[in-house]
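See below for the structure under consideration.
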Amino acid sequence: MLQDLERVLFDEATILRRLDEIAAQISADYRERELTVIAILNGSLIFMADLLRRIPLPLKLDCLSVASYHGGVKTTGEIVFKQIALPDVAGRHILILDDILDSGVTLAAIGEKLRATQPLSVKICVLLRKEKERLREVEADYVGFKIADEFVVGYGLDYRERYRNLPCIGVLRPELILA
Ligand code: IMP
Ligand code: MG
């Protein structure tokens, strides 16, 4: 799998060092409020597991399964919620975890859905934030790394469901991306 990368952006040690910092920040911010994490699957699975184990606070965890890409490298703009029942967030302090803020379509749709059910607060944490113009205006409160507008895989991020188990994050060789 590593040979499919044009270059590595962040190795595992670098990612974990950054997670230490974000976890400390989140732990300080939610010291006095009970935190409910909503992890967006499948992309945030590995990030979630490593991040949450660094937060020494009582917290609740729910997952939301969403599809937005349908296998390509560009958003279709259409979000499919793969489950009928949304987590019950009324009266809770919500932290949404996702792998990457790209066009903003996914996080905007999820934010809207969750906000409609009366949470006390909603914040967003992403591992990666692409520096680009977004289709929907969304800001993340916690960001692991800012990256250029390139297609990346690994550490939970996929191309056609592959590469999620790569321990690092890297740019996929462009010739491997199907036209
Ligand atoms: P959105 O365009 O902000 O709605 O991002 C939707 C989803 O697209 C993200 O949660 C990722 O799963 C996926 N995605 C966006 N950019 C990349 C990338 O560079 N590599 C892999 N997946 C990506
Ligand atoms: Mg994906």
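In each ligand, atom 1 is the first atom listed, and ligand 1 is the first ligand listed. Fair warning: this is a prediction, and the values are worked out from it, not measured in the lab.
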Item to check | Pair Y142-D29, side-chain hydrogen bond (donor to acceptor under 3.5 Å, both in side chains): steps then yes or no | outcome: CA-CA 11 Å; Y142 306 96; D29 293 351; 2.5 Å; yes
Next on the checklist: With a 4.0 Å cut-off on heavy atoms, is S103 in contact with ligand 1?
Outcome noted: yes
Checklist entry - Is the side chain of R7 donor-acceptor paired with the backbone N or O of V171 at a distance under 3.5 Å, no angle test? => result no
Checklist entry - Is L86 reachable from L120 through a run of I, L, V, M, F, W or Y residues, each pair having side-chain heavy atoms under 4.5 Å apart? => result no
Next on the checklist: Show the atoms of ligand 1 that are less than 4.0 angstrom away from any heavy atom in D98.
Outcome noted: 10 (O)
Next on the checklist: Looking at non-hydrogen atoms alone, which of I110, L107, V105, T106 comes nearest to atom 5 (O) of ligand 1?
Outcome noted: T106
Next on the checklist: One thing to verify: whether R129 and E139 come together as a salt bridge, which I'm taking to mean a side-chain N less than 4.0 angstrom from a carboxylate O.
Outcome noted: yes
Next on the checklist: side-chain hydrogen bond (donor to acceptor under 3.5 Å, both in side chains), that's the test. Do Y155 and D50 meet it? Break it down for me.
Outcome noted: CA-CA 10 Å; Y155 198 72; D50 282 338; 2.7 Å; yes
Checklist entry - For atom 23 (C) of ligand 1, which candidate among V126, D102, I100, V152 provides the closest heavy atom? => result I100
Item to check | Atom indices of ligand 1, in the order listed, that fall short of 4.0 Å to a heavy atom of K130 | outcome: 16 (N), 17 (C), 18 (C), 19 (O)
Checklist entry - Heavy atom of R134 under 4.0 Å from ligand 1? => result no
Next on the checklist: Are there over 12 heavy-atom neighbours, none belonging to E131, within less than 6.0 Å of that residue's CD?
Outcome noted: yes
Next on the checklist: In this structure, does ligand 1 have an atom that sits under 4.0 Å from one of the heavy atoms of R136?
Outcome noted: no
Next on the checklist: I need the atoms of ligand 1 closer than 4.0 Å to a non-hydrogen atom of E150, numbered in the order shown.
Outcome noted: 19 (O)
Checklist entry - Can you tell me if V153 has a non-hydrogen atom under 4.0 Å from ligand 1? => result no
Next on the checklist: Please state which option from Y159, F151, Y163 has its nearest heavy atom closest to atom 18 (C) of ligand 1.
Outcome noted: F151
Checklist entry - Thinking salt bridges, do E161 and R164 make one under a 4.0 Å N-O criterion? => result yes
Next on the checklist: If the contact criterion is a heavy-atom separation under 4.0 Å, does D158 count as touching ligand 1?
Outcome noted: yes
Next on the checklist: Would you say that more than 12 heavy atoms from the other residues, nucleotides or ligands in this model lie under 6.0 Å from the CD of E175, or not?
Outcome noted: yes
Checklist entry - Can you list the atoms of ligand 1 that are under 4.0 Å from a heavy atom of D99? => result 9 (C), 10 (O), 11 (C), 12 (O)
Next on the checklist: Heavy-atom distances under 4.0 Å decide this one: backbone, side chain, both or neither, for I79 against ligand 1?
Outcome noted: neither
Checklist entry - Atom CD1 in I40, atom CD1 in I96: separation rounded to 0.5 Å? => result 6.0 Å
